[in-house]
Each structure stands twice: as structure tokens, then as C-alpha cells.
Amino acid sequence: MKSLLLPTLIAAGGIYLIERFCLPSVNPYYVTVMYAAGFNIIMAVSLNVINGFTGHFSLGHAGFMAVGAYASAGITCKHIEALRGALIFCPEPVANSLILLSVLLVGGVCAAMAGLIVGLPTLRLKGDYLAIATLGFGEIIRIIINNIGSLGGGRGLPNIPPLTNFFWTFLCVVVTILTLRNYTRSSHGKALLAIREDELAAEMVGINTTRYKVVAFVMGAFFAGIAGGLFAHYNNFISPNGFDFIQSVIFVVMVVLGGMGSITGSVLAAVFLTALPQFLSPLTRLMETWHLAGDPKNVIYPLLLIVMMLTRPKGLLADKELSWAGVQSVFLRLRRGHAAS
Amino acid sequence: MQRHVCWIIGLVGLSSLGLGCARTDGPAGSEIVIGEFGSLSGSEATFGVSTKEGIDLAASEINAAGGVLGKRIVVKVENDESLEDRVAAAVQKLINYHNAVVVIGEVASGRSMVGGPICENAGVPMVTPSSTNPKVTERKKWVFRVCWTDDFQGEAMARFAYETLGARKSAVFTAINQAYSQGLAEYYEKTFKDLGGNVVATESYQGGKDRDFKAQLTNIKSMAPDVLFIPGYYTDVGAIATQARQVGISVPLLGGDGWEADELFTQAKDVIEGSYYSTHYSSDEERPEVSNFVTAYKAKFSKTPDAMSALGYDAMKVVADAIRRAGSVDQEAIRAALEGTKEFPGVTGSITIDENHNARKPLVVQQLKGGKPTFVKSVQM
Amino acid sequence: MSHLDFFFQHLVNGISWGAIYALIAVGYTMVYGVLRFINFAHGDVYMLGAFIGLFVARATGLSASTRSPALLLLLFLVPMVTCAVMGAIIERLAYRPLRNASRLSSLITAIGVSLFLEYGGQMKFGANPQYYPIVFDVSSAAATGQTTRLHITDQQVLVLVVSLFLMVLLNYIIFRTKVGKAVRAVSQDFEAASLVGIPTDFVISCTFALGSAMAAAAAVLVSLSPDYRVIDPLMGIMPGIKAFVAAVVGGIGNVTGAVVGGLLMGIAENLVAGPLGLSGYRDAVAFAALILILLFKPDGLFGKGKVEKV
């Protein structure tokens with residue numbers, strides 16, 4: 001642990017410097033894309049634990065994000081003055097950070113509880129049924145929030161204090177990746193893989209599948225809740241429609257594209273799919289000449305899903321992670337091939 | 001562990017460098033960019049398209065007359081697809097990518113309430129042509145509107161129901177996910193009760209989503225109201241009116257400016273026959289501003305303009321006028337000039353921006369006859 | 001309006017929608033029966049049926065004054081046939097290659113097809129709602145002579161008549177024809193059926209075709225209703241999910257179950273939104289029902305339990 005402290009502090013310092021000095025010179029519009037990528041990375045990686053590693057197909061991940069978003073925003077919207085008052089002795093950025101961290105934790109815990117509520121009953125279900133049940137839960141969460149007047153209901157919750165900043169978003173992304181990576185590399189993670197491959201055999205070998213499956217759900221939900229809280233305090237406005245089934249599917253596309261079981265895959269896919277819509281404007285113009293209206297990304301995502309399933313169902317990186325060794329070996333193979341010919 | 005951290009930091013660093021170098025849409029020196037966000041598709045498409053047409057007509061007239069401060073007006077449009085979740089991205093793109101000097105939008109109050117804070121934080125003046133919920137401009141320095149607000153509209157319609165139609169029992173059917181609908185209903189109910197009436201039934205629906213309203217309408221029917229107030233958007237009103245007639249509700253229907261769409265008047269012609277709604281102007285009015293506008297609009301778009309087009313037109317002209325009075329494209333100066341708008345001769349009436357950044361204008365009640373709105377009366381503030 | 005009338009009115013509304021859900025649910029249940037696969041895109045085939053019907057209506061200039069039995073028949077037949085073909089094509093292109101792959105892959109592909117149809121539809125047809133012409137009179141009283149207490153419209157009668165007819169037809173096809181027998185055989189045991197020489201690929205295509213045709217008919221029925229004339233590319237999502245739940249409630253794989261499930265779904269929804277006054281939770285009824293049924297009686301009302309062999 002000691003050897004990590006120094007690099008961690010250096011990294012944290014570096015991020016802070018990037019935020020203060022580099023970020024203001026980046027066009028604010030593209031900064032929003034970066035934030036979006038950050039949130040999506042957390043969502044994709046957390047979903048991968050449930051979908052990819054455990055093999056439990058969850059179609060309701062946006063619901064957990066919603067719980068986190070509404071739980072955290074519900075607190076700040078109504079009590080931000082009181083909270084700020086209590087922290088009056090702190091300089092403002094510190095106070096903001098403390099408030100953000102605490103509401104993020106609250107959001108994460110609430111989402112984790114939702115994960116428990118969803119995970120426990122769906123334990124016995126398999127494959128398609130599990131997917132549909134999670135879809136159902138995701139939608140029920142959305143409809144319940146839709147009917148809570150004090151949280152804005154269908155009109156959405158506006159005026160959320162803008163507490164999210166680059167530093168904390170980046171940190172949360174890194175923490176999510178590292179935590180889940182360690183989790184999946186541990187014996188817990190191996191148990192999940194065993195469950196994914198053959199649940200019955202895993203039971204026979206003595207793995208308490210119930211416990212591991214629930215833990216996977218809860219962990220995935222927790223991080224989704226964190227992402228939700230970050231998103232809410234960045235966007236200043238959330239509405240139940242932003243957390244619907246379509247949104248869940250977008251996260252699924254990221255996991256499927258990147259590779260079910262590859263954390264790096266999810267990260268790369270999340271970044272790629274977040275940035276993709278920005279480069280589609282020439283395509284939009286082309287489509288207009290064909291009298292086709294609308295956002296091309298809406299059609300590209302499902303096509304991507306279909307093509308991936310037909311050609312490379314395990315995703316681009318499948319189970320593998322990206323590492324120096326991997327890149328080196330690919331490089332070596334290319335060189336050897338070149339030398340041979 | 002360290003390698004992964006390096007990868008991640010490297011990834012983010014590279015992407016920020018890459019994105020930071022990307023160019024944005026910069027205006028040429030001889031142009032003034034006005035941003036517009038609206039619902040060009042989706043459940044309130046007619047609003048967005050009508051408003052856009054009004055704005056385009058105004059912009060082309062302004063440019064034909066030499067532009068503003070010697071520069072051409074260029075309007076950049078972003079579509080929010082009638083979805084509140086798309087508004088933030090649309091407005092941010094207008095401000096940061098298109099570098100708009102002023103933003104015009106939106107029609108739906110709920111969506112204006114999302115765009116407003118963004119413009120407020122960015123110090124960009126925002127003028128909404130037709131959002132009527134008072135909260136849109138409440139405590140805002142940079143957000144303005146060129147129309148009246150729902151406290152006025154709700155009260156006017158409640159009075160109309162009670163005094164002109166003699167209704168004593170009213171039912172109200174609101175869209176639970178639309179700030180406009182909820183707000184307008186609230187003001188209507190308050191006035192109706194203050195006048196001595198009784199609101200016998202309140203039901204709600206999911207605006208833009210629900211297709212079947214018969215359950216709620218059956219509930220309403222069982223309370224036997226004298227009048228049914230439907231403060232929603234035109235897409236739903238047609239189906240609601242049809243189903244209301246189907247379950248046997250035969251009393252007059254009342255609505256607000258959200259009804260203003262030719263689509264509703266023609267498609268639901270039979271079921272809304274004889275119903276009343278309030279709006280911002282009547283194309284039959286005999287003022288010169290109205291007849292000039294209607295003629296020019298018909299020449300360009302081959303149809304009669306509705307209130308949304310008229311308001312879009314007025315908004316664009318008010319913005320141009322403010323820039324002219326400000327003498328520059330400095331956004332603070334434009335903001336101050338907007339605040340000082342006095343008796344601007346708009347199509348929808350004389351526009352004076354009051355201390356709440358709202359306009360004080362008369363309201364028009366129309367009745368639908370044979371699929372066409374006909375003027376009934378005008379109500380002053 | 002007395003309490004009983006009030007209740008019955010909601011019941012009537014519920015049964016109308018129930019019949020629609022039943023027609024769509026049949027498609028889900030048949031496909032699951034033969035392939036053990038949930039065709040996520042079924043709701044969107046329903047949507048396509050509505051749009052094809054709209055084009056037919058526009059092309060033939062159908063309206064209240066020009067409606068004739070021949071034109072109405074065309075209005076139903078063209079979408080039904082076209083969707084039958086499209087259902088079979090989708091199966092051939094997107095699902096057949098994955099028949100031996102993991103169930104998850106097929107499910108993901110189905111979701112992809114569904115979204116592609118929805119957003120592709122938005123691109124081609126535009127995202128704005130479009131209107132069917134008014135074919136049936138709006139002001140209601142059914143031709144069967146009518147009490148003033150309950151309002152049953154011409155169109156609701158049409159829904160009941162047409163859906164009843166289609167159910168009977170489907171029943172006949174499944175239980176009295178050779179194709180139907182083949183479908184039942186494949187449902188029961190895919191391998192055995194192919195071993196005895198049944199052309200399983202053809203049978204599966206037929207299953208998709210039949211289900212799609214039913215859904216298309218449902219779509220036209222709904223769109224003809226003066227209340228629901230509005231159609232848009234996303235109109236299939238909710239009815240699709242609700243019909244799927246109906247199929248599960250009735251016992252997925254069981255056609256009678258699908259019909260019963262559909263009716264129950266429609267009635268439950270209207271009772272929740274009407275007498276219980278919880279209109280905001282109308283859609284939640286479907287999801288709640290789904291979860292409850294999956295947890296407590298996953299085989300549905302008419303399903304039989306299966307033993308899992310280790």
C-alpha cells in the first residue's frame with residue numbers, strides 16, 4: 001500500500017493542475033463531451049460486472065443511475081443552504097467537495113439498496129427472463145420517480161447545484177475502474193466467472209452463487225448510483241425520461257462492444273461511443289439529402305449491436321484487458337510476420 | 001496497478017488535447033449569430049416549426065433592410081426533439097459551438113426552464129417567444145419573454161368559464177409531466193374557486209406519451225362538470241377531445257395557448273367544434289402589423305401564420321431592436337437594452353418588457369367553428 | 001352515472017385494449033414456443049403494420065365516406081401480408097444465424113433489431129405523429145342499438161369482431177392444419193421434429209409470419225379507432241412490452257394463455273387507471289405483473305412446469 005501513496009498523490013495533483021490550467025482553454029462544448037465520457041465509463045464498467053463477469057443480463061442499469069441521481073439531487077436541492085451553512089468555516093471549494101462526496105455516497109448507497117431489491121428476487125431467473133425482469137424493474141423505478149411530485153415528477157428536477165467538477169469526476173472514474181478491476185481479479189471475480197460459465201457446476205463446487213450474484217448486482221448498482229449523482233450535479237437538471245430503457249440499452253451496447261468481461265474494453269467502448277455522435281454531422285447532412293431525418297447515432301447503435309452479435313459476440317476485447325505486454329506481443333508478431341515475408 | 005493508472009491518465013490527457021484543438025463554428029465578422037432552440041420534431045413539432053418560420057421571416061426582412069448594425073443576421077437552429085433531456089446539449093451547442101450572441105427559445109415552458117439557467121450562467125440573453133409559465137423568468141437576469149404569463153391566462157380562462165359561459169362546476173385534465181400544463185391549471189383552479197365555482201374533478205395524463213385517456217375521462221364524466229379545461233399541448237388535446245366525446249362528455253371544452261396548432265383544428269375538427277381556447281393573437285385582427293405579417297408569411301410559406309409564428313417573428317424583431325439600441329454585440333449591453341424595450345409594435349400587440357422580464361399584452365379568446373378559430377373576445381391585463 | 005355503469009364502462013374499455021394485447025401476445029408466445037426466444041422486435045412489427053396501413057389508406061383515399069367492405073379488407077390484408085413477409089425476413093437475416101449461439105446473443109440481437117426498426121422508422125417516416133383518416137364516426141353509438149349508459153363505439157365492436165375472427169382462424173390453423181401440427185411438434189421438441197422430417201426452418205418462418213400478421217391486424221384496428229388515429233414510429237414499444245407480459249402471464253408458449261393474458265392485462269390496466277385513480281401508474285401495472293408472475297408462477301396461468309435435468 002505504501003508504494004502506491006506517492007503515485008496516487010502525484011496523480012491527484014496532476015489532475016488538479018489539468019483542471020485549473022488546461023481545462024479553461026478547451027472549448028466548453030467539448031468539455032461536456034469529456035464529462036459525458038466519464039459518466040459513461042463508470043456506467044459501462046459497473047454494468048460489465050453484472051453483465052459481463054457474472055453473465056447476468058441486466059437491462060435496467062439506467063434505473064440504478066436514476067436512483068443515485070435523484071437521491072443525491074433530492075438532498076442538495078432542498079438542503080444545500082443548510083449544508084453550506086454547516087460548513088461555513090471551510091473555503092467554498094472544500095465545502096462543495098465535501099457536500100458532493102457525501103451526497104454521492106448517499107446516492108451510491110441508495111442505488112446499492114435498489115440493487116439488492118432487484119437482485120434478490122431475480123436470482124432464480126435465467127437468461128431472457130432475467131433480462132426482462134431487470135427491464136421491468138428499471139421501468140418501475142422510472143415510473144415511481146415519475147409520480148413523486150416533490151422530486152419534480154414528469155417535469156424533472158431543475159436547479160440542481162453544480163457541484164461536479166473535473167477533479168472529482170476523474171477521481172471517481174479511476175476509483176471505479178481500480179476497485180472493480182481488483183474485485184474481478186480476486187477470488188470473488190473468479191467465482192463470478194465460474195457462475196457465468198456454468199452456474200450448476202459452480203454450485204456443485206461449493207460456490208455460494210446466491211451471495212456472489214447479489215454482491216455483483218449491489219456493486220454494479222452502487223457505482224451506477226455514483227455516476228448518477230455526478231451526472232445530476234453536472235447537468236443541473238434530471239428527468240425520469242433520461243433514465244429509460246433506451247438509456248439502459250446504450251450502456252449495454254458499450255459493454256457488448258467493448259467485450260463482456262473486459263474492463264478496458266468497456267472503458268474504450270464508452271469513450272468511443274460518447275465521442276462518436278460528435279463526428280456524425282457530415283452523416284446527418286448526407287442523410288438530409290436522402291430525405292431522412294433524425295440523429296444517425298440512434299440507428300448506428302442498434303446496427304452495431306446486430307453486427308457485433310453476428311460477427312464477434314464476445315465483443316472487441318472479449319475477456320482480455322489491454323496492457324503493455326499485450327500491445328508488445330501484437331507488435332512483435334507483426335514484426336516477425338514482416339521479417340518472415 | 002500503476003500501469004493502468006498511466007493508461008487512464010494518458011487516455012484522458014490525449015483526448016483533452018485532441019478536443020481542445022478542435023475548431024468551433026466561428027462567425028464571420030460581418031455576421032451576427034442568433035441561436036434558436038426548439039422542438040422541430042416529436043410531439044410538439046408544430047410549435048418548433050411555426051416559431052422557426054416566424055423567426056426566419058423576421059430575419060430575412062431584417063437582412064433585406066440592411067441587417068443590424070450593418071451586419072447580417074444568421075440564425076443557427078438546434079432541435080431538442082420535444083424532449084427536455086435534449087435541451088441542455090442544444091443550448092450549450094448554440095452558446096459554445098455556434099457562438100450565438102442571443103438565444104431565442106423555447107415554446108414549451110418546461111424546456112425553457114431547462115435552457116434558462118444555462119443561458120443565465122453563461123451570461124447570454126435568452127428570449128422565449130411563447131413560454132408562459134411565470135417561473136421561466138422568475139429571478140433571472142438574462143431571460144426574457146415577449147408574451148404574457150399563465151397567471152394571467154389561467155385567470156382569464158377561469159373568468160370566461162364562470163362569467164361568460166356561466167359554468168359553476170369545472171373539471172380539469174392536466175399533463176402531469178408538463179410544467180406549462182400544471183402551472184396553467186393551478187391558476188385556473190384558483191380563480192375559478194375564488195369566483196365561487198367548484199372544481200369537481202382533476203385528472204392527469206402523461207403528455208406526449210399516453211394514448212388512452214378513457215379511464216380518466218370516464219372518471220370525469222361521472223362527476224358531471226359544466227365545462228372541461230384541458231390546458232395541454234395540441235398533440236394530446238385531439239385524442240383527449242375525441243375520447244371525451246366517446247365516453248359521453250358533451251360539455252364545452254376549454255384550453256390555453258397550447259392548443260394553437262392547425263393540426264389540431266383540422267384533424268379533430270368535429271370533436272372540438274364549439275370549444276374555446278386562449279391565445280396571443282388572431283390573424284383576423286385589423287391592425288396594420290397583423291395584416292402585413294400575414295401577407296408576408298403567406299407569400300413565403302403559403303399558409304396562414306398561427307400565434308407561435310407571430311411570437312417567433314416578434315421575438316426576433318425585438319432582439320434585433322435591442323441589439324440596435326445597444327449599439328454593439330456586447331451581451332451585457334443587449335441585456336440592458338432588452339430590459340428597456342418599450343411599446344415595440346409587435347404583431348401580437350405592443351410589447352413592453354416589465355420589471356419581471358415579461359410582456360404586458362392582451363389575450364384573445366377564440367372559438368373553433370368548422371375547424372377554424374374565430375375571434376370571441378379580447379382580455380386586457 | 002351509477003357505480004355499476006362506471007365500472008362496466010371501464011371494463012368495456014379494458015376489453016377493447018385486451019383484445020389488442022391478445023393479438024400481439026399471440027405472436028410472442030408462438031415464437032417462444034418454437035424457438036424459446038423472445039422476439040423483442042415484435043412490437044415494432046406492430047408499428048410497421050400501422051404505417052403500411054396508413055400508406056394503403058392514403059393511396060386508396062379511404063375516408064368515412066368512401067369506406068366499403070372491399071377497401072377495409074384491403075386495409076387489413078396488405079399490412080398483414082407485408083408484415084408476415086417482413087417477420088419472416090427478420091428471422092432469416094438476424095435470428096437464424098444465431099440459432100445455435102448463446103441465448104444472450106439472440107436477445108441482444110433482438111433488441112438491436114427492435115431499436116433499428118424504431119429509429120429507422122423515425123428517420124424514414126419522421127418522428128412526428130401522423131394521422132389516419134377518419135374512417136369511423138366519432139360520435140359513437142354502436143350499430144347494435146345502444147343504451148345511453150354505456151358507450152360502446154362502432155370501432156370497439158369492430159375490434160371485438162375482427163379479433164375474435166382472427167383468434168378463431170389462428171386456432172383453426174394451429175389445431176386443424178398440417179402446418180399447425182408441425183408448429184406444435186416443433187414447439188414440443190425441436191430435435192425430434194427435425195428428425196421425423198419436419199422442415200423446421202420453414203415452420204419457424206411460418207410461425208414468425210403468422211404472429212406478425214396478427215400484430216399488423218391489431219395495429220390497423222387500433223389506428224382506425226377515432227380515438228387513436230395518431231401513429232408514430234415509437235408506438236410499438238409500450239403495447240409490445242404489455243403484450244409480452246400478457247404472454248408470460250398466460251404461460252409463454254401457450255396460445256390460449258396469451259389470449260387470456262391479453263384480456264387480463266387490458267382490464268387490469270383500465271381498472272388501475274380508472275376506478276383506482278392511479279393513472280400515472282397505468283404502465284407500471286404491466287411491469288409489476290411481470291415481476292410478480294416471474295417470481296411466483298413463472299410458467300404462467302396455463303403453462304406447465306418443466307423439470308430441469310442436470
Side-chain angles (χ1 to χ4, degrees), chain A residues 51 55-57 59 118 121-122 124-144 146-147 153-154 200-201 204 244-246 249-250 252-253 256 260 287 290-311 313-314, chain C residues 32 36-38 40-41 93-95 97-98 101-128 233-234 237-238 241 244-245 248 252 278-296 298 308 310:
Chain A
N51 278 19
H56 259 205
F57 203 67
L59 282 176
V118 173
T122 55
R124 296 187 278 149
L125 303 173
K126 306 255 171 17
D128 310 4
Y129 282 159
L130 174 62
I132 304 292
T134 52
L135 193 168
F137 269 114
E139 285 292 289
I140 288 182
I141 291 177
R142 186 185 62 78
I143 293 176
I144 291 179
N146 211 25
N147 281 291
L200 214 49
M204 300 274 162
D244 60 3
F245 165 63
I246 313 278
V249 171
I250 293 181
V252 168
V253 177
V256 165
M260 315 236 272
M287 277 169 32
W290 292 336
H291 297 292
L292 293 174
D295 199 344
K297 83 167 198 284
N298 287 340
V299 177
I300 292 183
Y301 282 12
L303 276 177
L304 211 57
L305 263 186
I306 301 175
V307 166
M308 285 301 302
M309 284 298 111
L310 290 176
T311 57
K314 286 203 155 207
Chain C
Y32 192 85
R36 303 284 180 270
F37 162 69
I38 301 174
F40 239 92
L93 287 180
Y95 303 150
L98 291 169
S102 77
R103 289 259 286 281
L104 233 46
S105 308
S106 318
L107 187 64
I108 298 178
T109 311
I111 296 177
V113 173
S114 169
L115 288 174
F116 178 70
L117 288 176
E118 283 159 23
Y119 291 113
Q122 275 198 332
M123 293 198 153
K124 193 75 184 68
F125 308 132
N128 306 337
L234 301 182
I237 300 179
M238 266 309 167
I241 293 182
F244 171 71
V245 175
V248 172
I252 193 146
L278 293 172
S279 56
Y281 288 96
R282 184 199 189 108
D283 292 344
V285 170
F287 299 114
L290 176 70
I291 290 172
L292 287 173
I293 258 270
L294 283 180
L295 291 182
F296 297 114
E308 184 171 343
V310 180

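The sequence lines fix the lettering, A, B, ..., with proteins before strands; numbering per chain opens at 1.
Using a 4.5 Å cut-off between heavy atoms, L290(C) touches chain A through its side chain atoms alone. For I241(C), the part sitting under 4.5 Å from any heavy atom of chain A is the side chain, from C-beta outward, and nothing else. Heavy-atom distances place no part of L304(A) under 4.5 Å from chain C, backbone and side chain included. Looking at F244(C), the atoms closer than 4.5 Å to chain A (heavy atoms on both sides) all sit in the side chain, from C-beta outward. Contacts of L107(C) with chain A are made by side-chain atoms alone, with heavy-atom separations under 4.5 Å and no backbone atom involved. Heavy atoms of F137(A) lying under 4.5 Å from chain C belong to its backbone as well as its side chain. Both the backbone and the side chain of L295(C) come within contact range of chain A, judged by heavy atoms closer than 4.5 Å.
Interatomic distance, S105(C) OG to M260(A) CE, rounded to the nearest 0.5 Å: 7.0 Å. Remark: D283(C) CG to I140(A) CD1 distance equals 11.0 Å, nearest 0.5 Å. Note that CZ of F40(C) is 10.0 Å distant from OH of Y95(C), once rounded to the nearest 0.5 Å.
Ranked by non-hydrogen atom pairs under 4.5 Å with chain C, the options V307(A), I246(A), V256(A), V252(A) are led by I246(A). If you tally non-hydrogen atom pairs under 4.5 Å between each of V113(C), T109(C), I108(C) and chain A, the highest count goes to I108(C). The choice from N51(A), N146(A), I143(A) that makes the most heavy-atom pairs within less than 4.5 Å of chain C is I143(A). Of the listed residues I132(A), L305(A), V253(A), I300(A), the one with more heavy-atom pairs under 4.5 angstrom with chain C than any other is I132(A). With chain C as the partner, the residue from V299(A), L310(A), N147(A) showing the most heavy-atom pairs under 4.5 Å is N147(A).
A heavy-atom distance below 4.5 Å is not found between the side chains of F57(A) and T134(A). In this structure, L115(C) and N298(A) have side chains that are not in contact, with every pair of non-hydrogen atoms separated by 4.5 Å or more. Counting only heavy atoms from C-beta outward, the side chains of E139(A) and M238(C) approach each other to under 4.5 Å.
In terms of heavy atoms, T122(A) sits closest to A133(A) at CG2-CB, 3.9 Å.
With hydrogens and angles disregarded, no donor-acceptor distance shorter than 3.5 Å links the side chain of S114(C) to the backbone of A110(C).
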